[in-house]
Protein chains: 2
Amino acid sequence: MRNQNQKRITLADVARHAGVTTMTVSRYLRTPLQVAPVTGKRVAAALEQTEYVANKQAGILASGTSTMVAAIIPNIAHSIFSETVQGLSDVLELHGFELMLASSGYSLEREQKQIRAMMGWAPFALVLTGRHHTPHSLHMLQAAHAAGTPVVEMWDHTSSLPEFAHIGFDHAAAGALMAEHFVSRGYQDLMYVDSGVVQDFRAHERAKGFAQTARNLGVKTRSLQAMSGNPVAAGRQLLKELVGSQPLPRAIAFANDQLAVGALLEAIDQNIAVPEKMALLGFGDFPMAAQIGGGLSTVATPCYEIGQSVGQWVVNCRSGPQAKLSRESGNKKLPALLHPQLIHRHTS
Amino acid sequence: MRNQNQKRITLADVARHAGVTTMTVSRYLRTPLQVAPVTGKRVAAALEQTEYVANKQAGILASGTSTMVAAIIPNIAHSIFSETVQGLSDVLELHGFELMLASSGYSLEREQKQIRAMMGWAPFALVLTGRHHTPHSLHMLQAAHAAGTPVVEMWDHTSSLPEFAHIGFDHAAAGALMAEHFVSRGYQDLMYVDSGVVQDFRAHERAKGFAQTARNLGVKTRSLQAMSGNPVAAGRQLLKELVGSQPLPRAIAFANDQLAVGALLEAIDQNIAVPEKMALLGFGDFPMAAQIGGGLSTVATPCYEIGQSVGQWVVNCRSGPQAKLSRESGNKKLPALLHPQLIHRHTS
DNA sequence: ATGAAAGCGCTAACAT
DNA sequence: ATGTTAGCGCTTTCAT
């Protein structure tokens, strides 16, 4: 295939039109001040006429530096990640970068293949989600870093290797925050409903932080795992089963808002008074949280901001002749650690 | 920047390790059967040892054919589009393609810039959302198409230019479907709440289809525009104002589920019986639709499937030596027109 | 079955 | 301020 009838316009075409060499056109495009105003005008006209669009591949190959940023996230369809990608995309676009995106479906093996595929593009930077990767992935990332490619891990409070950047928050601390909130409201019999996604390490860390803190505060706590599939339906189902089988916990925290809303809807249907009989606490503060059941108490995570910060961090890597410097001290102003906030609404 | 200490491994490195020329390695990678089994083993070992990752830019430049697909959508954070991207991404990955993504924020001017940027990458195919573009965008797309790049428009029932493919559905017909549903349920006093996003052409087409059909069926109908911003809050606000000022319509259709759910939540809070006093109908069938207020009636749109189909269509463009053929007849089996389905639940 | 030569479209480095 | 030369890492084409 690809039997183009109309060949694409090249620098040489433009140069011919303008009566100069390709170098002059190339210079005009990148450092217009280095070309005489008169020639510049001719070049500009030629660019207009020919509707030239520079071939990025050729440029990258020749210059050894790309404007493409590769990002791998667990799931594009999850609102927290799609918002992060939107933030990342917005900042990158503003600075003339392009975004290549892959979705791992929470599979580290799939992520490994994607890292390999991405590296073939020699991207300007590599953006990953979380600090958990296969040993071989880590090996590849390390090699990429050694070859000068910045590596960032999003959504976590530490990186897999010290040389990688990270922008996110401490999920165990977030879990602790949730437990503390319950205890401060006087609830003594707690429960945490963890994500049904086995590889959602961050949700599990929140679960751990929650349990540990509850125990430290001398409060009873249990833990349950939601079913996979539609999380709203799973939350509903879970509460239904809970009501049928055992005494209800006084307060339940969820791995995400979707699960919490499912449980809340079921509680409303079953006439369980929230929060009088049972308190509910979500995680994520998704757009509907404030609107439902008098307002779902939850933890606000700066999804869009994480994306933005990652984008800004990557952009900062470009400036300054020494990558090391710009990547270490130059990026000091950007916070690596963000702080989720507990939003106390009606359900707790 | 980009002062790599460890240079990346090239074909030449691998060839040296294996004691062959670069051509043999290159052949082994693409057409392994053309290389003798004995040599193949040596090459394979060298590839292992060196951990070679092929440089895509160089390959594309030399061969003139890329494995990158460029897609532009209005908003990554909107669930319908993020699911579409997930479907697209899943299919593309399965076939060894990579995805470059941009988000236009519903701005045709921004889209135009993004098309230009994308074209610099000489992608294998261009994927756009909808059939509305600036004249200059159209011009560029036409040029890309003429140069052999497949162009697909998603989410619409026709394409901007006849030579472009399109995979989606007729939004006016979807609007009609909504009006017909209301009328068939015996509701006579209708209302359509349109999207607050000015450039959401598809929502406006649904509004038109709705109004026209209602009138054709001899039924009263009005139209309103939601505020922009959080659509759930907007839906709530809208219903609140409606209750305060005028006689309520018997049935309200919304441009999307988020708006409908907002209104539904407000109706519940105000003790307006749904659907006895007022029927509500959403659009999109987002994950929460089935769970809220006894089940929100809505129109299911095949978001993920649209993405998949687009991906499959693009993949099909690769096979067959004649692009024309594979793009026209070879893709006949793929449906260009999908059909949204009315899901009748509790609220209508 | 393998190799040698040429070149994809651009830019870095060195003239002039 | 502009041009010349060489080469980025790969594939195509044409030998052998």
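Protein chains get the first letters and strands the later ones, always in sequence-line order, with residue 1 at the start of each.
Classified by interplanar angle (parallel below 30°, tilted 30° to 60°, perpendicular above 60°), the ring pair A:H78/A:Y106 is tilted.
Checking B:V38 against A:A54, the closest nucleotide of DNA chain C that is more toward the 5' end is the one next to B:V38. Nearest-nucleotide mapping onto DNA chain C: of A:M23 and B:R27, the residue sitting toward the 5' end is B:R27.
Residue B:S63 places none of its side-chain N or O atoms closer than 4.0 Å to OP1 or OP2 of D:dT11. Within the 4.0 Å cut-off from OP1 or OP2 of C:dA4, not a single side-chain nitrogen or oxygen of B:T21 is found. Within the 4.0 Å cut-off from OP1 or OP2 of C:dA1, not a single side-chain nitrogen or oxygen of B:T39 is found. Checking the phosphate oxygens (OP1, OP2) of C:dT11, a side-chain nitrogen or oxygen of A:S26 falls inside 4.0 Å.
The interatomic distance linking A:L11 (CG) with C:dC10 (C1') rounds to 6 Å, in whole Å. We find that CZ of B:R16 is positioned 12 Å from P of D:dC10, with the value rounded to whole Å. Taking atom CD of residue B:Q57 and atom C1' of nucleotide D:dG9, one finds them 10 Å apart after rounding to whole Å. Rounded to a whole Å, the CG atom of B:N55 is 14 Å from the C1' atom of C:dC10. Here C:dA12 presents its C1' atom at 13 Å from CG of A:L61, a figure rounded to the nearest Å.
For the residue pair A:E153/A:H133, the side-chain donor-acceptor check at 3.5 Å is satisfied. For A:Q112 and A:H136, the side-chain atoms include at least one donor-acceptor pair closer than 3.5 Å. Between the side chains of A:E111 and A:T134, not a single donor N or O lies within less than 3.5 Å of an accepting N or O.
Looking at heavy-atom distances under 4.0 Å, B:Y52 makes contact with sugar-phosphate atoms alone, never a base. Residue contacts for A:R30: at a heavy-atom cut-off of 4.0 Å it reaches the sugar-phosphate backbone alone, with no base atom in range.
Taking five base pairs at each end of the helix from C:dA1-D:dT16 to C:dT16-D:dA1 and finding the rotation axis that steps the C1' atoms of four pairs onto the next four gives two axes whose angle is 30°, to the nearest 10°.
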